Amino acid sequence: MNKYSSITLFLAVVFLTTCKKENTSNIKLAQHCPPGFELTADNKCLCRSLYHQYKSLNNAGVGGLQTGLPKMRDGFSPQQIDLGRYLFFDPVLSGNKKLSCASCHIPQKGFSDGLARSTGFNGLPLNRAAPTLWNVAFLKSFFWDGRATTLEEQMQGPLYAENEMNNTESNLLATLNSIDQYRELFMQAFPDKKKNEIQLHEIYTAIAAFEASLISLNSRYDLYAHGFHQALKPNEIEGMNVFRSFVARCAECHTPPLFTNQQIAVLGTPEQDDLPFDPGAEKTFNDPSMRGGFKVPTLRNIAKTAPYMHSGKFKSLKEVVEFYNKGRGHAVPLNEKLSLHWHIWEPSLTATEIECVTDFLQTLTDESFLPSTPEKLPSGFLPSDKQNQIQ
Ligand code: HEC
Ligand code: HEC
C-alpha cells in the first residue's frame with residue numbers, strides 16, 4: 001500500500017466512524033426536573049409553587065387571591081417528561097409525517113396556534129380553535145366540550161382522527177419501533193419495562209408527562225397575589241377589582257388561581273359565519289340544558305392565545321370583554337333557545353372599566369418555564385414548529 005492510499009484508507013475509516021457516531025449518537029434524556037419541579041429520591045418530579053402554602057380550592061371559597069391549587073398530575077420522572085418533549089414536537093407521530101402536536105400547539109403562541117380554526121391533515125380547517133396547554137396538569141376534563149377526562153384519553157383524539165394527525169395505533173407503534181433511537185429512549189424513560197418494544201401506554205404517559213410540566217403560575221398577577229403589591233399598576237388593580245366584582249362576575253367562572261372553575265357554562269358566544277351552531281357539551285353529556293355550553297377556559301397566558309373562544313371568533317381581549325358587556329344572549333341565533341348561565345348578564349361596564357379589565361388580563365402572562373424546542377429529533381424530522389416558522 002503506498003503512502004497516498006494509506007492516507008485515503010485512514011480518512012475513509014475516520015469518515016465512516018464519524019458517520020457511524022452520527023447515526024447512533026445517543027440522546028441522553030434529562031436527569032433533572034423542569035423548573036418549578038423538585039426531584040424526589042425515587043426519581044419523580046413534584047410541582048412546587050408558592051400556591052402550595054394556601055388551602056385547597058375546595059374549602060377556600062371563590063376568587064380569593066390566596067387560594068390553593070386543585071389536585072394535579074405530577075410525579076413523572078425527568079426522563080419521561082423529556083421523552084414526551086421529543087414526541088410532542090415530532091411529526092413522525094402523524095400519518096403523513098407532517099403534523100406534530102406542536103403544529104397546532106405552538107410554544108411561542110401560548111401552545112395555541114393563532115388561528116380561529118386549526119389546520120388539520122391535508123390542510124383543511126377543523127371546527128374549533130386550539131386551546132392553550134399551559135396548566136393542563138390541573139384540569140379534570142379536556143376539549144372545549146369536556147369530552148375527555150384524562151390527558152391520555154384526550155391525545156388519542158388528535159392522534160387518530162382522520163382530519164387531524166390521521167395515524168392508527170398499529171402504524172404509530174410500527175413507526176416508533178422502527179427507529180432505534182426511540183427504542184433506546186423509551187428504555188431510558190421506562191427502565192422497568194420487560195420488552196425492548198415501545199408500547200402505546202408508554203407513548204401516552206410520556207406525552208402526558210410533558211404536557212403536565214407546562215406550569216405557568218409566576219405572572220405579575222401572582223406576585224401581587226403573594227403580597228408584592230407593586231407588581232400591578234393602578235389601572236390593572238382596578239381591572240382586577242372589576243373582574244372579581246359582583247357586577248362583572250368574571251371570577252365566578254374564571255376563578256383564581258387557575259382562572260377557571262373547570263365547569264361547563266352556556267354563554268351564547270357566536271360561531272364563525274360559515275359554521276352551523278356548535279352544540280358543545282350537549283353532545284358530550286347528552287343533556288339539552290348544556291346546548292352551546294363549553295368548558296370555562298383558563299385565562300393564564302391569555303394575551304398570547306388570540307383569537308378567542310371555541311370558535312376563535314374574537315380577535316382581541318377587548319372584543320371578548322365587550323361581548324360580555326353587550327347583554328345576555330345578544331349573539332344567540334333566533335332559532336336557538338339556550339339555558340344561559342345566570343352569571344351572564346349586562347354588567348354595563350364603562351369604556352374605562354373595559355380597558356382596565358383588558359389590561360388586567362395581560363398581567364396573567366408568565367412563560368418563564370417555556371420548554372425548549374428540541375434541536376433535532378430521534379426520527380430525523382425537523383421539529384414541526386420549526387417547520388412552521390420556516391414556511
Ligand atoms: C391539527 C391541529 C391539532 C393537532 C395536531 C393537535 N391538536 Fe390538540 N387541540 C386542537 C384543537 C382544535 C383542540 C380543541 C378541540 C375541541 O375542543 O374539540 C385541541 C385540544 C387539545 C387539548 C385539550 C385542552 C383543554 O384545555 O381542554 C389538549 C390537552 C391537546 N389538544 C393536546 C394535544 C396533543 C398532546 C397533541 C399531539 C398528540 C395534539 N393536541 C395535537 C388542535 C390540535
Ligand atoms: C358563566 C361563566 C363565565 C363568566 C361569568 C365569564 N366567563 Fe369568560 N368564558 C366562559 C366560557 C364558558 C368561555 C368559553 C366560551 C366559548 O368558547 O364559547 C369563556 C371564554 C372567555 C375568554 C376567552 C378564552 C379563550 O381561551 O379563548 C376570555 C378572555 C374570557 N372568557 C374572559 C372573561 C371576562 C373578562 C369575564 C367577565 C366580564 C368573563 N369571562 C366572565 C365562562 C365565563
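Computed from a prediction, not measured in an experiment: that's the story for all the values here. Counting starts at 1 for both ligands and their atoms, following the listed order.
- Below 4.0 Å from some heavy atom of Trp144 lie the following atoms of ligand 2, by number and element: 14 (C), 17 (O), 27 (O).
- At least one N, O or S atom of His105, from either the backbone or the side chain, sits less than 2.8 Å from atom 8 (Fe) of ligand 1.
- The protein non-hydrogen atom at the shortest distance from atom 12 (C) of ligand 1 is Arg128 O, 3.4 Å.
- In terms of N/O distances under 3.5 Å, ligand 1 is approached by Lys295.
- Ligand 2 has no atom lying under 4.0 Å from any heavy atom of Phe314.
- Among protein heavy atoms, the minimum distance from atom 41 (C) of ligand 1 is reached at Pro158 CB, 3.5 Å.
- In this structure, atom 29 (C) of ligand 1 lies nearest to the protein heavy atom Glu211 OE2, 3.3 Å.
- Those atoms of ligand 1 with a heavy atom of Leu139 less than 4.0 angstrom away are 26 (O).
- The only option from Arg291, Lys295, Arg128 that meets the salt bridge (charged side-chain N to carboxylate O under 4.0 Å, His left out) definition with Asp145 turns out to be Arg128.
- Using a 4.0 Å heavy-atom cutoff, Glu252 is absent from the residues neighbouring ligand 2.
- In Tyr324, the part holding a heavy atom less than 4.0 Å from any atom of ligand 2 is the side chain.
- Summary of contacts: the protein heavy atom closest to atom 23 (C) of ligand 1 is Phe143 N, 3.7 Å.
- Look at His254 and atom 8 (Fe) of ligand 2: an N/O/S atom of the residue is under 2.8 Å from the metal.
- Residue contacts with ligand 1, taken as heavy atom pairs separated by less than 4.0 Å, involve Ser100 solely via the backbone atoms N, CA, C and O.
- Near His341, with a cut-off below 4.0 Å to any heavy atom, the atoms of ligand 2 are 1 (C).
- Closest to atom 18 (O) of ligand 2 among all protein heavy atoms lies Thr269 OG1, 2.5 Å.
- For ligand 1, the atoms lying closer than 4.0 Å to a non-hydrogen atom of Phe142 are 27 (O).
- In this structure, the separation between CD on Glu282 and OG on Ser339 is 9.5 Å, given to the nearest 0.5 Å.
- At the shortest separation from atom 11 (C) of ligand 1 among protein heavy atoms lies Ala130 CA, 3.7 Å.
- The Tyr308 neighbourhood of ligand 2 comprises atoms 23 (C), 25 (C), 27 (O), with distances under 4.0 Å to a heavy atom of that residue.
- Within ligand 1, counting atoms from 1 as listed, the ones closer than 4.0 Å to a heavy atom of Ser118 are 2 (C), 12 (C), 42 (C).
- Under a 4.0 Å criterion applied to the non-hydrogen atoms of Leu317, ligand 2 contributes the atoms 29 (C).
- Of the protein's heavy atoms, Pro131 CD, 3.3 Å lies nearest to atom 13 (C) of ligand 1.
- The single protein non-hydrogen atom nearest to atom 36 (C) of ligand 1 is Cys101 SG, 2.8 Å, given as residue, atom name and distance.
- Contacts between Ile302 and ligand 2 below 4.0 angstrom, taking non-hydrogen atoms only, involve the side chain exclusively.
- Atom CG of Leu139 is separated from atom CD of Glu211 by 10.5 Å, given to the nearest 0.5 angstrom.
- At least one N or O atom of Gln154 sits closer than 3.5 Å to an N or O atom of ligand 1.
- Close approach to Leu133 involves these atoms of ligand 1, each under 4.0 Å from a residue heavy atom: 28 (C), 29 (C), 30 (C), 32 (C).
- In terms of modelled atom types and a separation under 3.5 Å, the side chain of Arg328 and the main chain of His341 share a donor-acceptor contact.
- Note on ligand 2: Thr305 sits outside its first shell, no heavy atom being nearer than 4.0 Å.
- Considering backbone and side-chain N/O of Arg147, one or more are found under 3.5 Å from N/O of ligand 1.
- Protein heavy atom in closest approach to atom 43 (C) of ligand 1: Cys104 CB, 3.4 Å.
- The Arg249 neighbourhood of ligand 2 comprises atoms 5 (C), with distances under 4.0 Å to a heavy atom of that residue.
- Taking the six-membered ring for Trp and the full ring otherwise, Tyr324 and His343 have centroids separated by 6.0 Å or more.
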